[in-house]
Amino acid sequence: MTGFGFTVRSRLAGRQGRTGVITTPHGDIETPAFVVVGTKATVKAVLPQSVAELGAQAVLANAYHLFLQPGPDIVDEAGGLGAFMGWAGPTFTDSGGFQVMSLGVGFKKVLAMDTAGLADDDVIAAGRTRLAKVDDDGVTFRSFLNGDVHRFTPEVSMRIQHQLGADVIFAFDECTTLLNTRRYQEASVERTHAWARRCLAAHRALTRERSHRPYQALFGVVQGAQYEDLRRQAARDLAALDVDGQRFDGYGIGGALEKANLGTIVGWVCEELPDDRPRHLLGISEPEDFFAAVEAGADTFDCVNPSRVARNGALYTRDGRFNVVTAANRRSYEPVEAGCDCYTCARYTRAYLHHLFKAKEMLAATLATIHNERFTVRLVDDIRAAIDQGRFDEFRDSFLGRYARR
RNA sequence: GGCAGGUUGCCCGAGUGGCCAAAGGGAGCGGUCUGUAAAACCGUCGGCAAUGCCUACGUAGGUUCGAACCCUACACCUGCCA
């Protein structure tokens with residue numbers, strides 16, 4: 001009895017999309033679902049109670065960030081991530097694999113969702129301080145907090161994530177970018193696969209060692225950038241991976257995704273992955289991306305975008321995204337989004353949010369984040385309902401038609 | 001009343017003869033953000049018929065080829081002494 005499982009409820013005719021339920025020791029997740037990001041064991045600016053009220057089914061934190069601060073031992077002693085942060089529902093942790101890129105070669109637009117300007121790997125890091133350096137055995141990080149040097153390997157990431165105690169944890173992978181060369185992507189996929197095997201082995205041992213703790217599901221991460229052969233091979237290899245009977249409970253799809261081909265890429269991967277395990281698309285949340293990815297077989301998502309953008313004054317509505325900080329909203333005495341059922345829209349006007357942002361009041365971030373997360377969670381909830389009711393295409397067309405109109 | 005310092009663009013604040021429509025901040029205006037190094041970052045920021053012209057560094061006048069910068073007077077502000 002693992003306490004973790006996944007069952008498919010309904011399917012999208014002729015395609016790989018489906019709805020279902022993920023079962024975890026801390027509750028169920030109806031899929032497709034958007035998992036709200038709380039990197040440092042907090043959804044920035046928002047109370048856990050509000051996160052629950054806006055409909056979030058799960059929260060995702062980050063192993064690297066929590067390793068640096070406050071340290072996994074403290075989270076462990078506190079009873080695990082959920083107990084520590086006051087979140088009763090399911091939790092996820094990312095492995096630190098994204099930081100291999102964001103603290104290494106990463107720079108603005110590195111996830112660039114188009115292939116324009118493919119560069120050489122050496123060019124990518126030019127002019128930027130690298131805080132992470134990859135080799136075949138692991139990654140050497142320099143802390144952005146105090147400069148301390150830390151070493152992450154698949155085994156280290158697994159141990160940290162076990163101490164953090166999230167219900168779903170991810171294999172330590174190397175996140176690459178569209179700017180890496182094909183040759184680099186090939187080597188990286190191989191490396192990520194070798195790490196996946198080590199993660200499974202470490203996870204197996206840790207699961208036994210810590211059998212008194214709730215079961216943690218391990219997801220392997222499929223890389224391969226924009227290349228069909230690499231993505232399919234990576235997915236196939238992870239699906240087949242078995243270390244002494246230990247297999248992945250689910251799969252993550254990560255790394256460089258061309259926006260225009262996002263659905264296609266997710267489709268390649270999902271065709272190769274086992275149908276009976278959940279698939280999590282890492283770091284994606286734009287409306288058009290949800291539709292494309294769900295249709296192609298993705299079950300869960302997480303993304304910093306709704307909250308980050310909210311803190312910077314941009315709000316999502318069915319009619320597109322807009323910046324409340326703009327002068328046009330100064331006297332706009334209407335809700336952020338007419339008809340929205342979130343806490344913010346039920347009580348406040350655009351003019352008030354505009355004022356809070358202009359005055360640099362903390363409440364601005366709180367109210368804006370609540371709205372954007374609600375918008376995002378509800379959109380995926382609506383997609384799920386549409387699939388269950390057999391009207392996915394209709395819903396997609398009407399939603400995107402209106403969203404992109406402005 | 002005496003002595004000293006000060007007055008710069010919406011605000012604060014550099015600049016003490018030409019490279020100054022004037023550093024830097026802030027405000028304003030616009031934009032960006034996809035497994036969070038982000039309550040961050042980028043652009044713009046006197047006017048116009050605009051490879052130039054006009055207006056502008058308290059006010060008025062002067063020196064100079066040339067002044068925000070030097071001189072004179074006046075106005076106001078600040079500190080110290082009476």
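Naming: A, B, ... by sequence-line order, numbering from 1 per chain.
The base-pairing partner of B:C70, taking Watson-Crick or G-U wobble contacts with both distances under 3.5 Å, is B:G62. Of all nucleotides present, only B:C81 satisfies the Watson-Crick or G-U wobble test against B:G1, with each distance under 3.5 Å. Pair check for B:A14 finds none; no Watson-Crick or G-U wobble contact set falls under 3.5 Å. With a cut-off of 3.5 Å on both Watson-Crick or G-U wobble distances, the partner of B:G52 is given as B:C48. Checking B:C41 for Watson-Crick or G-U wobble geometry (two distances, each under 3.5 Å) identifies B:G31 as its partner.
Under the 6.0 Å cut-off for aromatic ring centres, A:F291 and A:F395 qualify, their centroids lying closer than that. Taking the six-membered ring for Trp and the full ring otherwise, A:F98 and A:H65 have centroids separated by 6.0 Å or more. The aromatic ring centroids of A:Y333 and A:Y352 lie 6.0 Å or more from each other.
Atom CG in A:L81 sits about 15 Å away from atom C1' in B:G35, given to the nearest Å. The separation between A:Y251 atom OH and B:G35 atom C1' is 19 Å, rounded to whole Å. Residue A:L68 contributes atom CG, which lies 13 Å from atom C1' of B:U36 at whole-angstrom precision. Atom CD of A:E288 is separated from atom C1' of B:U34 by 10 Å (rounded to the nearest Å). Distance A:L145 CG to B:U36 P: 15 Å, rounded to the nearest Å. In this entry the distance linking NE2 of A:H65 with P of B:A38 reads 6 Å, nearest Å. Atom CZ in A:F322 sits roughly 16 Å away from atom C1' in B:U32 (whole-Å rounding). The OH atom of A:Y316 sits 12 Å away from the C1' atom of B:U32 (whole-angstrom rounding).
A:R378 and A:E373 are not joined by a salt bridge, as no carboxylate oxygen comes within less than 4.0 angstrom of a charged side-chain nitrogen. Between A:R232 and A:E228 there is a salt bridge, since a side-chain N of the basic residue sits under 4.0 Å from a carboxylate O of the acidic one. Using a 4.0 Å cut-off between charged nitrogen and carboxylate oxygen, A:K259 and A:E286 do not count as a salt-bridge pair. Salt bridge A:D299/A:R277: absent, no basic N to carboxylate O contact under 4.0 Å.
Listed pair A:R308 / B:U34 meets the phosphate criterion, a side-chain N or O lying under 4.0 Å from OP1 or OP2. In this model, the phosphate group of B:G35 is not approached by any side-chain N or O of A:Q99 to a distance below 4.0 Å at OP1 or OP2. Taking only side-chain nitrogens and oxygens, A:S102 comes nearer than 4.0 Å to OP1 or OP2 of B:A37.
For A:V37 and A:G313, each mapped to the nucleotide of RNA chain B holding its nearest heavy atom, the one lying further toward the 5' end belongs to A:G313.
Closest to the side chain of A:N312, out of B:G35, B:A40, B:U36, is B:A40. Taking every side-chain heavy atom of A:D302 into account, B:G35 is the closest of B:U36, B:G35, B:U34. Checking B:A37, B:A39, B:G35 against every side-chain atom of A:M362, the shortest atom distance belongs to B:A39. Side-chain proximity of A:D289 to the nucleotides B:U34, B:C33, B:G35 is greatest for B:U34. When the nucleotides B:U34, B:U36, B:A37 are ranked by their closest atom to the side chain of A:F144, B:A37 comes out on top. Here the side chain of A:N305 is nearest to one of B:U32, B:U36, B:U34, namely B:U34.
Within 4.0 Å (heavy atoms only), A:A314 reaches at least one base atom of the nucleic acid. Heavy atoms of A:D173 sit under 4.0 angstrom from at least one base atom. Using a 4.0 Å heavy-atom cutoff across all strands shown, A:L60 reaches sugar-phosphate atoms only and no base atom.
Taking atom P on both nucleotides, B:A14 is separated from B:G58 by 14 Å, rounded to a whole Å. Taking atom P in both B:G61 and B:C12, the straight-line distance is 27 Å, to the nearest Å. Taking atom C1' in both B:G24 and B:G13, one finds a spacing of 8 Å when rounded to whole Å. Spacing between B:G28 and B:G2 at atom P, rounded to whole Å, works out to 46 Å. With both ends at atom C1', the span from B:U55 to B:G46 equals 8 Å, rounded to whole Å. The same atom, C1', is picked in B:A22 and in B:C57; the two are 8 Å apart, to the nearest Å. Separation of the P atoms belonging to B:U44 and B:C53 is 24 Å when rounded to the nearest angstrom. Separating the P atom of B:A68 from that of B:G18 is a span of 10 Å, rounded to the nearest Å.
In this structure, the separation between OG1 on A:T192 and CG on A:D237 is 11.5 Å, given to the nearest 0.5 Å.
A donor-acceptor contact under 3.5 Å links the side chain of A:Q223 to the base of B:G35. On a pure distance criterion of 3.5 Å, no polar donor-acceptor pair joins the side chain of A:K44 and the base of B:U36. Between the side chain of A:R311 and the base of B:U36, at least one donor-acceptor pair of N or O atoms lies under 3.5 Å.
Within residues 154-167 of chain A, no residue approaches RNA chain B, by heavy-atom distance under 4.0 Å.
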I'd like a list of close polar pairs between nucleotides 28-30 of chain B and the protein, N/O only, cut-off under 3.5 Å.
unit_1 : atom_1 : unit_2 : atom_2 : d
B:C29  : OP2    : A:K358 : NZ     : 2.5
B:G30  : OP1    : A:A327 : N      : 3.4
B:G30  : OP2    : A:A327 : N      : 3.2

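Taking 4.5 Å as the limit, every side-chain heavy atom of A:E272 sits out of range of all side-chain heavy atoms of A:Q233. The closest side-chain heavy-atom distance from A:R198 to A:H203 is not below 4.5 Å.
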For this session: Show your reasoning for whether ring pair (Phe, Tyr, Trp, His ring centres under 6.0 Å) applies to A:F67 and A:F152.
Result: CA-CA 10 Å; A:F67 162 78; A:F152 262 54; 5.2 Å; yes
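With respect to A:H280, the ring-ring contact (aromatic ring centres under 6.0 Å, His included) criterion is satisfied by exactly one of A:F170, A:F301, A:F34, A:F219: A:F170. When each of A:L60, A:D302, A:V43, A:V304 is tested with A:V36 by the rule side-chain contact (heavy atoms from CB on, under 4.5 Å), just one qualifies, namely A:V43.
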